[in-house]
Amino acid sequence: MGIDALLARLESDAVTPVTPRNSAGVTRKAAPALACTPVTPVTPQNDVTATARVSRWLLHFPDGELEVTFAPPARHADVLRRYPLAVAAEPLGDPAPVAMPAGLLMLVNRLDRDDRPLVAEMYAIDPEGTRRLVEDMAKR
């Protein structure tokens, strides 16, 4: 069996349960090229979300206080475990989520996969510093 005969047989056998066997009157034409990327098992996924949440804590030490921001948000026990010399920790209230601009998000998604996961949290803590860092990394 030649390649043309094999292709013809495969095309005629390519009927799914929802494909009518009788396709008289249906013409073959290519699907329109749209400005989109179909999601397939091999489509790279975006690792960065447009917004992130952080938590802010005021840590009390015997000799002073320190304001700390955690991304992703931390619970009270986690804060005290990370700062064992703190005698107390109180939440300062979580700031509203900060949305990352679409242009910056596109730059982030072009970075190496290992560099992406915490960029949204970094942006929530320091938007201007993160923007400069991402733009610099994208140039390299």
Side-chain angles (χ1 to χ4, degrees):
M1 177 182 294
I3 189 75
D4 292 329
L6 178 61
L7 287 173
R9 190 180 120 228
L10 290 173
E11 285 179 357
S12 68
D13 290 346
V15 176
T16 65
V18 295
T19 304
R21 204 167 261 294
N22 181 4
S23 58
V26 176
T27 60
R28 291 183 184 196
K29 68 178 182 181
L34 302 174
C36 67
T37 303
V39 176
T40 66
V42 295
T43 302
Q45 300 299 311
N46 292 339
D47 295 332
V48 180
T49 58
T51 60
R53 291 203 172 271
V54 297
S55 62
R56 296 180 2 207
W57 293 84
L58 181 61
L59 304 179
H60 300 278
F61 295 92
D63 58 349
E65 297 176 339
L66 174 67
E67 185 178 320
V68 181
T69 303
F70 288 91
R75 295 176 306 150
H76 187 261
D78 296 330
V79 172
L80 291 176
R81 185 173 28 82
R82 291 179 184 163
Y83 289 88
L85 298 178
V87 294
E90 59 183 292
L92 291 175
D94 299 341
V98 178
M100 188 179 302
L104 185 60
L105 193 57
M106 286 180 8
L107 286 176
V108 169
N109 285 319
R110 290 194 305 204
L111 298 176
D112 291 337
R113 187 169 292 281
D114 295 339
D115 295 330
R116 297 179 195 171
L118 294 177
V119 173
E121 286 83 1
M122 290 170 48
Y123 187 81
I125 295 169
D126 181 11
E128 185 58 28
T130 303
R131 182 193 59 76
R132 286 193 312 265
L133 175 68
V134 168
E135 288 174 350
D136 184 58
M137 292 174 72
K139 291 177 187 175
R140 296 176 187 203

Can you tell me how far CZ of R132 sits from CG of D126, rounded to the nearest 0.5 angstrom?
7.0 Å

With sequence neighbours excluded, tell me which residues meet side chain to side chain donor-acceptor pair (under 3.5 Å) with D136.
R140

Can you hop from W57 to L66 via hydrophobic side chains spaced under 4.5 Å?
yes

Scanning both residues in full, the closest heavy-atom pair of S55 with A74 reads OG-N, 2.9 Å

Separation between CG of L92 and OG1 of T69, rounded to the nearest 0.5 Å
8.0 Å

Linking I/L/V/M/F/W/Y whenever their side-chain heavy atoms sit closer than 4.5 Å, directly or via other members, would L85 and Y83 fall into one cluster?
yes

Any V68 side-chain heavy atom under 4.5 Å of V79 side chain
no

Given side-chain contact (heavy atoms from CB on, under 4.5 Å), test V134 with Y123 step by step and report yes or no.
CA-CA 10 Å; V134 168; Y123 187 81; over 6 Å; no

Could you tell me which non-hydrogen atom of A88 sits nearest to which non-hydrogen atom of L80, and how far apart they are?
C-CD2, 4.1 Å

Using the salt bridge (charged side-chain N to carboxylate O under 4.0 Å, His left out) criterion, which residues pair with E135? Sequence neighbours excluded.
R131

Among pairs that include at least one residue of residues 66-75, which meet salt bridge (charged side-chain N to carboxylate O under 4.0 Å, His left out), considering only residues two or more places apart or in two chains?
R56-E67, R75-D78

Which residues satisfy the ring-ring contact (aromatic ring centres under 6.0 Å, His included) test with H60, sequence neighbours excluded?
none

Should M122 and M106 be regarded as members of a common hydrophobic cluster, given that ILVMFWY residues are connected when their side-chain heavy atoms come within less than 4.5 Å of each other, either directly or indirectly?
no

